[in-house]
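The block underneath contains the structure these notes are about, expressed in structure tokens.
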Amino acid sequence: MLYSDIADVFDRLEGTSSRLEMTSIFSDFFKGLDPGSLRKIVYLSQGRLHPDFYNAELGMADKLVLRAISFTAGVSESKMDELWKKEGDPGKIAETLMKNRKQASLFSEPLTLEKVLKNLTMIESAEGRDSQDKKMKLLSNLLMDSNPVEARYLCRIVTGRMRIGAGSMTILDALAEAFGTKEDRPDIERGFNITCDLGFVAETLAIGGVEAVKKMKVTVGNPIKVMLAERLPSISLIMDRMGGRCAMEFKYDGIRVQAHIDRDSVKLYSRRLEDMTSNFPDIAAELRKQCRAERAIIEGECVAIDKDGNMLPFQNVTHRRKKHGMDQAVEDYPVKIFMFDILSVDDEDMTLRPLGERRSKLNETFGLSDMIQLTTMEVVNSPEEGEDFFNRALGKKCEGIMAKSLSQESVYRAGSRGFLWIKYKKDYEEALTDSFDLVVVGAFHGRGKRAGKYGALLMAAFDDESGKYCTVCKLGTGFDDAFLAGMPDMLDEYLSETHPSTVDAEMIPDVWFLPTVILEVVAAEISLSPIHTAAKSIMKDNAGLGLRFPRFTGRVREDKGPEECTTVNEIISMFEMQAQNKA
DNA sequence: GTACCTCGTCCAC
DNA sequence: GTCCGACGTATTCGG
DNA sequence: CCGAATACGTCGGACGTGGACGAGGTAC
């Protein structure tokens, strides 16, 4: 099969923003494919070579792809750099350079799907000495034989950013249209949610039709798409939405784990279905010990604790995400798991049962211990009770709460975000959270749909002692299109050719500004930062303070001069306050 | 050759 | 993780 | 009563901090 046929379809998809049209483009294309190719093409259309959970990556992203393009087209690194800043998309750059080249290579053969897959697979498996060069040349080898459109999507497949506007949900629509009817769509989606393998679902449909997909079962050992929660900005809105009554649960600040217990083997999967068994061997063993069923799938949150069993901030549990020296990490960073759901017990699918039933099943299936606990959960009947519960959650160092519907329809909706579960954190309510007035000291060029604009800003607080502006975060979300478009007008008059002497920064932006413009920023919390310079080495050696989940509130503080912005001292006291509240 | 640092990539949130 | 915008569909409004 | 306007949910794609790790470079 010719790769150009596939690239042309991607090109047509990118040309429309209508999901209905994308669906029919995909579905027409799918119908003509043999099942094996279909499977591979479905992966490619998502910028992948395998399903999400596949345990190997290409190890090639923007920078390495740019190197491959520059090697292929014979363009200097500095020219590449300039193009990268302007275009914000390696695919576009490759396309343009392929258009401009004088002559396609003389003996070039048309690229086939097989050839593309072969090289991509080799890129994936290259490792060790000179592997970066090898990866680069394997991609270059493909680009050499590409026409401009083919080159665009080769680069995008490798970086995993297809930018065709069609994600897995659109593919599922198309699969239903191609191999079934609209009524089959829920069954097909469920097939995806319990296998997590879009290509496999496509292949199964093409071979055995909807009947074959309906036969797919929740299986211990195969990760299931996790259920996600919607957000709402206040407890009372949540209670309205829930019809005045719901279950509330502490929302722990750790890593979500889906545990598959099967006789003597236990597998742990992350939210994005990566295998994390080796990272929490203690949890895996203890779950087996406490599980009274032969087989089960449960979900919980793994949280780091101190020696007294008190919960620690998120940063601690991330030390468990390592490959080497796990034994030491298990000792140094003890954890607990708080279980909150059960998806299967002894081969009985629990996902379609209502929440209450699942919770009782969870209770009766597991014994508890220091390491294995249940999330704190209560039935809440009014906003006041909800507020009270929320405050108790914060007191226990939780991030906030999850509200869960108690209706009979409250099933485990694998793979979807909906109002059956609603999360609430303190920083969702602006009145409850501290905001920061930070000065813009630099900017980064945007990528993709922000190409040619500033994609993010470098933000700083004022340090009265040194008289310098110290960085605390980048800021790249909360901007609407108008603000994004107006940024150059607002900022460019303060452009500085060099790193301003008044700015203390280790992170180097694409452009510098003289500290002038102040924006209001909210964040979830303040964390120790290895890169930001505010309060450097004051709280901890070689660490500064940074913001977690920073976003723009939409307010430009034109009323304030730069020296009136939030100070480093204020951030230090907020950080101390935050640590105190949690102790 | 080794020890250490930087850069890029990936993934948890 | 947060956030914004486009689309599609359901619901309400107005002639 | 029907077409137009509005409201709402879904989906996709921008962007954030921080830790770990592998590759590659450099200094000794």
Side-chain angles (χ1 to χ4, degrees), chain A residues 16-23 46-47 56-67 88 126-135 159-173 228 230-231 253-257 270-274 276 279 301-302 313-326 329 399 416-419 423 425 427-428 444 446-451 453-459 472-484 507 521-532 543 545-554:
Chain A
T16 177
S17 56
S18 156
R19 285 194 66 234
L20 294 176
E21 199 178 329
M22 290 183 224
T23 304
Q46 301 305 93
E57 301 302 324
L58 289 174
M60 209 176 180
D62 292 326
K63 294 297 169 70
L64 279 178
V65 170
L66 288 172
R67 252 159 71 185
E127 60 177 16
R129 209 191 139 80
D130 295 330
S131 59
Q132 292 190 348
D133 203 53
K134 200 167 154 195
K135 286 173 196 276
T159 59
R161 294 162 174 268
M162 291 301 284
R163 309 194 40 237
I164 55 178
S168 54
M169 291 305 152
T170 310
I171 303 258
L172 288 173
D173 284 341
L228 300 168
E230 273 295 345
R231 323 172 1 164
D253 196 6
I255 294 178
R256 184 168 180 176
V257 165
S270 74
R271 196 181 118 97
R272 276 158 67 178
L273 317 168
E274 303 282 323
M276 298 195 88
N279 303 105
E301 188 86 7
C302 278
F314 175 74
Q315 271 174 308
N316 294 273
V317 76
T318 62
H319 295 301
R320 277 292 189 99
R321 296 188 59 225
K322 51 167 40 223
K323 228 170 141 177
H324 310 297
M326 261 324 295
E399 272 187 304
S416 69
R417 206 181 278 284
F419 285 96
K423 62 180 161 177
K425 302 199 233 173
D427 56 296
Y428 291 175
F444 300 85
R447 297 189 230 171
K449 61 185 173 189
R450 298 217 183 144
K453 307 184 180 83
Y454 293 130
L457 306 174
L458 183 59
M459 309 299 294
V472 284
C473 66
K474 286 204 281 174
L475 186 61
T477 194
F479 310 128
D480 61 21
D481 284 357
F483 190 87
L484 235 25
M507 184 180 272
V521 174
V522 290
E525 63 181 6
I526 300 165
S527 59
L528 289 169
S529 168
I531 179 77
H532 290 295
L545 293 177
L547 302 187
R548 175 142 88 139
F549 310 143
R551 59 263 194 198
F552 178 47
T553 61

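Chain identifiers are assigned alphabetically (A, B, ...) following the order of the sequence lines, protein sequences preceding nucleic acid strands; residue numbering begins at 1 within each chain.
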*Output the single nucleotide from D:dC21, B:dC13, B:dC10 whose closest atom is nearest the side chain of A:Ala61.*
B:dC10
*Taking the side chain of A:Asp480 as heavy atoms from C-beta outward, which of D:dG18, D:dC15, C:dG5 is closest to it?*
C:dG5
*Could you tell me the separation between the CD1 atom of A:Ile255 and the P atom of C:dG1, rounded to a whole number of Å?*
12 Å
_When you compare the side chain of A:Phe479 with that of A:Leu457, does any pair of heavy atoms fall below 4.5 Å?_
yes
*Where the side chain of A:Gln132 is concerned, which of D:dG16, D:dA23, C:dG1 is the nearest nucleotide?*
D:dA23
*Looking at every strand, decide which applies to A:Ile531 at a 4.0 Å heavy-atom threshold: base, sugar-phosphate, or nothing.*
sugar-phosphate
*Give a yes/no answer on whether the side chain of A:Ser18 brings an N or O atom under 4.0 Å of OP1 or OP2 in C:dG8.*
yes
_Using a heavy-atom cut-off of 4.0 Å across all strands, would you classify A:Ala166 as base, sugar-phosphate, or nothing?_
sugar-phosphate
*Assign A:Lys323 to base, sugar-phosphate, or nothing according to its heavy-atom contacts below 4.0 angstrom with the strands shown.*
sugar-phosphate
*For A:Ile164, answer base if it contacts any base atom (sugar-phosphate contacts may also be present), sugar-phosphate if it contacts only those atoms, and nothing otherwise; contact means non-hydrogen atoms under 4.0 Å.*
sugar-phosphate
*What's the closest nucleotide to the A:Arg321 side chain, out of D:dT10, D:dG19, C:dC7?*
D:dG19
*Send over the distance from A:Leu547 CG to D:dC15 P, rounded to a whole Å.*
19 Å
*Roughly how many Å is it from CZ in A:Phe444 to P in D:dG16, rounded to a whole number?*
8 Å
*Nucleotide nearest A:Phe549 (side chain, heavy atoms from C-beta), chosen from D:dG22, B:dC13, C:dT9*: B:dC13
*asked:* Is there a side-chain contact between A:Arg551 and the phosphate of D:dG16, meaning an N or O under 4.0 Å from OP1 or OP2?
replied: no
*asked:* At less than 4.0 Å, is any side-chain N or O atom of A:Arg163 found next to OP1 or OP2 of D:dA14? Yes or no.
replied: yes
*Look at A:Ser17 and C:dC7 and indicate whether a side-chain polar atom (N or O) is within less than 4.0 Å of OP1 or OP2.*
yes
*Do any side-chain nitrogens or oxygens of A:Ser270 fall under 4.0 Å of OP1 or OP2 in B:dA12?*
yes
*Look at the side chain of A:Lys63 and decide which nucleotide, out of B:dC11, B:dG8, C:dT2, has an atom nearest to it.*
B:dG8
*Quick one: label A:Lys423 by what it contacts on the DNA or RNA (base, sugar-phosphate, nothing), any heavy atom closer than 4.0 Å.*
sugar-phosphate
*asked:* D:dA20, OP1 or OP2 - any side-chain N/O from A:His324 closer than 4.0 Å?
replied: no
_Using every non-hydrogen atom in the two residues, find where A:Glu399 and A:Lys425 come nearest and quote the distance to one decimal._
OE2-NZ, 3.2 Å
*Using a cut-off of less than 4.0 Å, is there contact between a side-chain N or O of A:Tyr428 and OP1 or OP2 of C:dT2?*
yes
*Taking the side chain of A:Glu399 as its heavy atoms from C-beta onward, which of D:dG18, B:dA12, B:dC13 lies nearest to it?*
B:dC13
*Ignoring hydrogens and angles, state whether a donor on the side chain of A:Ser527 or A:Arg548 is under 3.5 Å from an acceptor on the partner side chain.*
no
*CG of A:Asp427 versus P of D:dG16: gap in Å, rounded?*
18 Å
*To the side chain of A:Arg256, which of D:dT17, D:dA20, B:dC13 is closest?*
B:dC13
*A:Thr170 side chain: which of C:dC3, D:dC11, D:dT17 is closest?*
D:dC11
*Is it true that atom NZ of A:Lys453 has more than 12 heavy atoms of other residues, nucleotides or ligands lying nearer than 6.0 Å?*
yes
*Please figure out whether A:His532 or A:Phe419 has its closest DNA chain D nucleotide nearer the 5' end.*
A:Phe419
*Nearest-angstrom distance from the residue atom CE of A:Met326 to C1' of D:dC21*: 14 Å
*Where is the tightest heavy-atom contact between A:Ala166 and A:Gln46, given as atom of each residue plus distance?*
O-OE1, 3.4 Å
*Could you check A:Thr477 against A:Arg551 for side chain to side chain donor-acceptor pair (under 3.5 Å), going step by step and ending with a plain yes or no?*
CA-CA 5 Å; A:Thr477 194; A:Arg551 59 263 194 198; over 6 Å; no
*Could you tell me whether the phosphate oxygens of D:dG16, OP1 or OP2, come under 4.0 Å of any side-chain nitrogen or oxygen in A:Lys474?*
yes
*Reckon A:Lys134 touches a base, only the sugar-phosphate, or nothing at all at heavy-atom distances under 4.0 Å?*
nothing
*Report the distance from atom CZ of A:Arg548 to atom C1' of D:dG19, rounded to the nearest whole Å.*
13 Å
*If each of A:Arg19 and A:Ser529 is mapped to the nucleotide of DNA chain D with the nearest heavy atom, which maps nearer the 5' terminus, i.e. the 5' end?*
A:Arg19
*Among D:dC11, C:dT2, D:dT10, find the nucleotide with the atom closest to the side chain of A:Met169.*
D:dC11
*Heavy atoms under 4.0 Å, any strand shown: does A:Gly418 hit a base, just sugar-phosphate, or nothing?*
nothing
_Closest approach of A:Ala523 to A:Pro550 (non-hydrogen atoms, all atoms of both residues)_ = CB-CA, 4.2 Å
*Would you call A:Asp62 and A:Arg67 a salt bridge, taking side-chain N to carboxylate O under 4.0 Å as the test?*
no
*Establish, with yes or no, whether the OP1 or OP2 oxygen of B:dC13 is under 4.0 angstrom from a side-chain nitrogen or oxygen of A:Arg271.*
yes
*Roughly, in whole Å, what's the span from CG in A:Leu64 to P in B:dT9?*
5 Å
*Does a side-chain N or O from A:Gln315 land closer than 4.0 Å to OP1 or OP2 of D:dG19, or not?*
yes
*Are any of the side-chain heavy atoms of A:Glu274 and A:Asn279 separated by less than 4.5 Å?*
no
*asked:* Please classify the nucleic acid contact of A:Phe483 as base, sugar-phosphate, or nothing, using heavy-atom distances under 4.0 Å.
replied: nothing
*Could you check how far CD of A:Glu57 sits from P of B:dA12, rounded to whole Å?*
10 Å
*Ignoring backbone atoms, test whether A:Thr477 places a side-chain nitrogen or oxygen under 4.0 Å from the OP1 or OP2 oxygen of D:dG16.*
no
_Strictly below 4.0 Å: does A:Lys425 bring a side-chain N or O up to OP1 or OP2 of C:dT2?_
yes
*Base, sugar-phosphate, or nothing: which does A:Phe479 touch, judged by heavy atoms less than 4.0 Å apart?*
sugar-phosphate
